[in-house]
**Q** 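Just passing along the structure, written as structure tokens.
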There are 2 protein chains.
Amino acid sequence: MNEAAAPGRVGDVRRRNLSLVLDSIARTGDAKPSRAQLAAGTGLTKAAVSSLVADLVESGLVSEVGLYRDGERGRPGQGLELSSRRGVVGMEINVDYLAVGLVDLGGNLRFHSAVESRNRGLAPAKVMERLGLLAAEVKAEAAAANIAILGGGLAVPGLVDAQRNLVLSAPNLHWEQEELNPRALLEGAPLGVRLSNEANSAALGELWYGTGQPDFLYVSGEVGVGGGVIIGSELYTGPGGTAGELGHIVVHPDGPGCSCGGAGCLETFAGQEAIFEAAGTPQGSLGERTELLLAALAAQEPQATQAVHDAGRYLGVALASSARLMDIEAVVLGGHFAVLAEWLKPALLTSLERYAPGLLDPGNLTVSTLEHSGTLLGAAGQVIRSVIESPFEFLLASKLA
Amino acid sequence: MNEAAAPGRVGDVRRRNLSLVLDSIARTGDAKPSRAQLAAGTGLTKAAVSSLVADLVESGLVSEVGLYRDGERGRPGQGLELSSRRGVVGMEINVDYLAVGLVDLGGNLRFHSAVESRNRGLAPAKVMERLGLLAAEVKAEAAAANIAILGGGLAVPGLVDAQRNLVLSAPNLHWEQEELNPRALLEGAPLGVRLSNEANSAALGELWYGTGQPDFLYVSGEVGVGGGVIIGSELYTGPGGTAGELGHIVVHPDGPGCSCGGAGCLETFAGQEAIFEAAGTPQGSLGERTELLLAALAAQEPQATQAVHDAGRYLGVALASSARLMDIEAVVLGGHFAVLAEWLKPALLTSLERYAPGLLDPGNLTVSTLEHSGTLLGAAGQVIRSVIESPFEFLLASKLA
DNA sequence: CCATATAGTTCAGATTGAAAACTAATTGGA
DNA sequence: TCCAATTAGTTTTCAATCTGAACTATATGG
């Protein structure tokens, strides 16, 4: 008996149905369903839904929002929605900036703020201090709007251990085995602050607040090339939690050495630095270099065009291999790749067609529309999702308080 | 409300616990646990376990096997085991042979038979006819041993649609969109016959009856190069069910064209045909060529050695990329690669160390020990697993009958 | 032969959803 | 104006199923 799965108890049924009803309300979104509609949608009886909704309303997760009239006869229903008076703070540390946002349970970004910050090489404590200022701003905004902060999500460009609040490694920040104390950013928030990986959060943001496709590979072109795999509306993390390292897929066995110790990795051909260098973009801040590169592309300068073309070609190789291995049918481009999409896509599609003909419909290669808030939304969304998936635990906690 | 998850009913608790108890008995295997031990292992009360076991015994899935004595004091328990009087037939169609086997619920291969058969290009009906002869043999053996056949699993080297009993494509058999009628092989078996992919079945066989690791990539080197990804003791199939196509990962962007329409695929460097050709092995049957190649390798013939070395190198590239993308930490070599392992492994490990240093512990690169029966066991195991995972449905059916 | 220990069963109690009957609120037509 | 029709939501009764505690069954060892 190596694995001890938990036994089913009578009470589990209610846990599950609480989650089912809450999830139904979340999915229905703006339509603000009534109890009767939820009963029809979930397959539960009206009696069961009424009882479940009563608990959810009492906990503050769900609120009744006026009457619901369809223009037909009969008693109108009470509209239900995820409370707009409860929110989660999304936070992001990246190489060049810090960002925070307040997301209510319904997924609306109620407030948003970002500052430039050269975080590479900075001590984690120093960065957390700066982030704390932004967090204070959010808290003030939340108080003003009468929104209770339930918790927060913090995305960093590196490998994290969410259980132990540990950044295992964030090479682009020059961090290694750093213990953050994210909880301190939002003192008093009952659900604390959850660490997560930037690319994974962006992928989840795209899933919950973007395209809504259930299966896709999100490609994050920040300083490194990252990826997030969404399968069946869930993040695929792999057994060790480090899946999606698209940047270190080998795209040429005779390629140059990579910072990861390997060779021929995608990142050495399609990382930001690699593209800037191949394009001959002079040194400078990220914003400046991006401007210059875009200008060069617009001017059809050959070196820049070739650089982006090559990046697209090798990205195509990596995507072809990924699609074959993981059966991926859709790709969403984010970060740098979204910015360069116009010039990148043709080479990418040609490459895909060469290495995996017919596997990926060109229409399934899309560009993220969430821009910089995707990561934020995903980081906060993970906390919101955890409430939607186990509301019972939340109910218990809020009854004690 | 786009997805309608099923509501939890009170009866679901019992469904789950029936499965939990059955699974506990299966895992404990030869130890033949008592009800009391199951209660301790599952966290259920003795009362609940007794009630659940009663149902399982009545259905015939579980049998009591004499008393259980620990040498200590107290009333001895009744040992329980998955019935050895119920079995599932595993069947395999491959390019060069057909095989069948009888697996009892406890996972013991009770009977096994295989014949050579040049199936490439043969009509599916003709192949099924030959397979029917083997199936008849199994049925006779089962009758003689007083084992009731519950169902069967049939593995084929191609992409299948298990719901519709369809082989979507099996290029190495020259089959395309073939409708088989596997159920006819085992008339009267209550669970019918389930089609599955050969590489996936071999991976599952390895999981259930081989190493027992919960996370690994199985590499099947038959005529094509296939793969099966096991994550968290489950087969990863991807959204469309075609995941694990290791053979068509791009290992060299300037590589030769592949039968899949792409270019630079692993299969063009490490497929059986590619290795034979590179090694200069003359034409002939698979068995003959394998003998010749092994002899050449034993004699340290340079061309053969180089061919296998190259195959290992490119397999290393594919595994490095796979490990990065899917966070795979262990690899099991099967089929042709298991046969060549002695000569293949050094180059493979060197390659892995070059392209993904430190990612895969050399000790986690193992060779399948199940040989040809792995696929059979996996094909049958899927049916056995489906019973273990939802015994309630089986109970219902057996009560009606 | 009895104290002790362990296995397994029986029965009351609690939780929970289904089903059906009931109350509540609204519209439209007589 | 008022009542039939219609839809929303609540109350009540019932069945399924687990827990916990008390009970019975069967072994060992002095």
Side-chain angles (χ1 to χ4, degrees), chain A residues 5-21 24-25 31-58 62 64-80 391-392 395-396 399, chain B residues 5-21 25 28 31-58 62 64-80 391-392 395-396 399:
Chain A
R9 305 270 158 78
V10 177
D12 294 347
V13 179
R14 193 166 186 84
R15 286 174 197 242
R16 174 165 171 189
N17 285 334
L18 278 167
S19 173
L20 180 66
V21 167
S24 282
I25 296 173
K32 306 198 190 316
S34 65
R35 289 165 176 79
Q37 288 173 324
L38 288 172
T42 59
L44 289 161
T45 59
K46 288 189 293 173
V49 170
S50 280
S51 159
L52 293 161
V53 165
D55 280 5
L56 294 172
V57 168
E58 197 200 354
V62 167
E64 298 192 322
V65 282
L67 294 184
Y68 182 100
R69 214 162 284 137
D70 245 354
E72 296 170 29
R73 288 204 275 188
R75 171 176 167 181
Q78 292 268 25
L80 298 167
F392 189 83
L395 264 58
L396 264 189
K399 261 184 192 164
Chain B
R9 306 272 158 79
V10 178
D12 294 347
V13 179
R14 193 164 186 87
R15 284 174 197 242
R16 174 165 169 187
N17 286 334
L18 277 168
S19 174
L20 179 66
V21 166
I25 297 173
T28 315
K32 305 195 191 318
S34 65
R35 289 166 176 77
Q37 289 173 323
L38 289 171
T42 58
L44 289 161
T45 58
K46 288 190 292 173
V49 170
S50 279
S51 158
L52 293 160
V53 166
D55 279 6
L56 293 172
V57 168
E58 196 200 354
V62 167
E64 297 192 323
V65 283
L67 294 184
Y68 181 98
R69 213 160 283 139
D70 246 353
E72 296 169 28
R73 289 204 274 187
R75 172 176 165 181
Q78 293 269 26
L80 298 167
F392 189 83
L395 263 60
L396 264 189
K399 261 183 191 165

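Every chain is numbered from 1, with letters handed out A, B, ... down the list of sequences.
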**Q** Can you tell me how far apart CZ (A/Arg14) and CG (A/Asp55) are? Round to the nearest 0.5 Å.
**A** 5.0 Å
**Q** For A/Asn17 and B/Gly8, indicate whether the former's side chain and the latter's backbone hold a donor-acceptor pair under 3.5 Å.
**A** yes
**Q** Between B/Gln78 (CD) and D/dA27 (C1'), how many Å, whole number?
**A** 13 Å
**Q** Rounded to the Å, how far apart are A/Gln37 CD and D/dT7 P?
**A** 12 Å
**Q** For a 4.5 angstrom cut-off between non-hydrogen side-chain atoms, does B/Arg35 reach B/Lys46?
**A** no
**Q** Could you state the atom-to-atom distance from CZ of A/Arg9 to P of D/dG20 in whole Å?
**A** 7 Å
**Q** What's the separation between atom CD in B/Glu64 and atom CG in B/Leu80, rounded to the nearest 0.5 Å?
**A** 6.0 Å
**Q** Nearest whole angstrom, please: distance from the C1' of C/dA24 to the CZ of A/Arg73.
**A** 16 Å
**Q** What nucleotide, of C/dA19, C/dA3, C/dA7, holds the atom closest to the side chain of B/Ala36?
**A** C/dA7
**Q** Mind checking the CG-OG spacing from B/Leu56 to B/Ser51? Nearest 0.5 Å is all I need.
**A** 9.5 Å
**Q** If you only use heavy atoms from C-beta on, which nucleotide in C/dG17, D/dA27, D/dT17 is closest to the side chain of B/Pro76?
**A** D/dA27
**Q** Identify the pairs formed between an N or O of the protein and an N or O of nucleotides 10-16 of chain D at a distance under 3.5 Å, and give each distance.
**A**
unit_1: D/dT10; atom_1: OP2; unit_2: A/Ser50; atom_2: OG; d: 2.2

**Q** Going by the side chain to side chain contact (heavy atoms under 4.5 Å, CB included) test, name the single residue among A/Leu44, A/Val49, A/Ile25 that passes it with A/Leu20.
**A** A/Leu44
**Q** Between B/Asp12 and B/Gly74, who's closer to the 5' end of DNA chain D by nearest nucleotide?
**A** B/Asp12
**Q** In whole angstrom, what separates A/Leu18's CG from C/dG17's C1'?
**A** 12 Å
**Q** Given atom CG of B/Leu38 and atom P of C/dT6, what is their separation to the nearest angstrom?
**A** 18 Å
**Q** Please confirm whether the shortest side-chain N or O distance from A/Asn17 to OP1 or OP2 of C/dT16 is below 4.0 Å.
**A** no
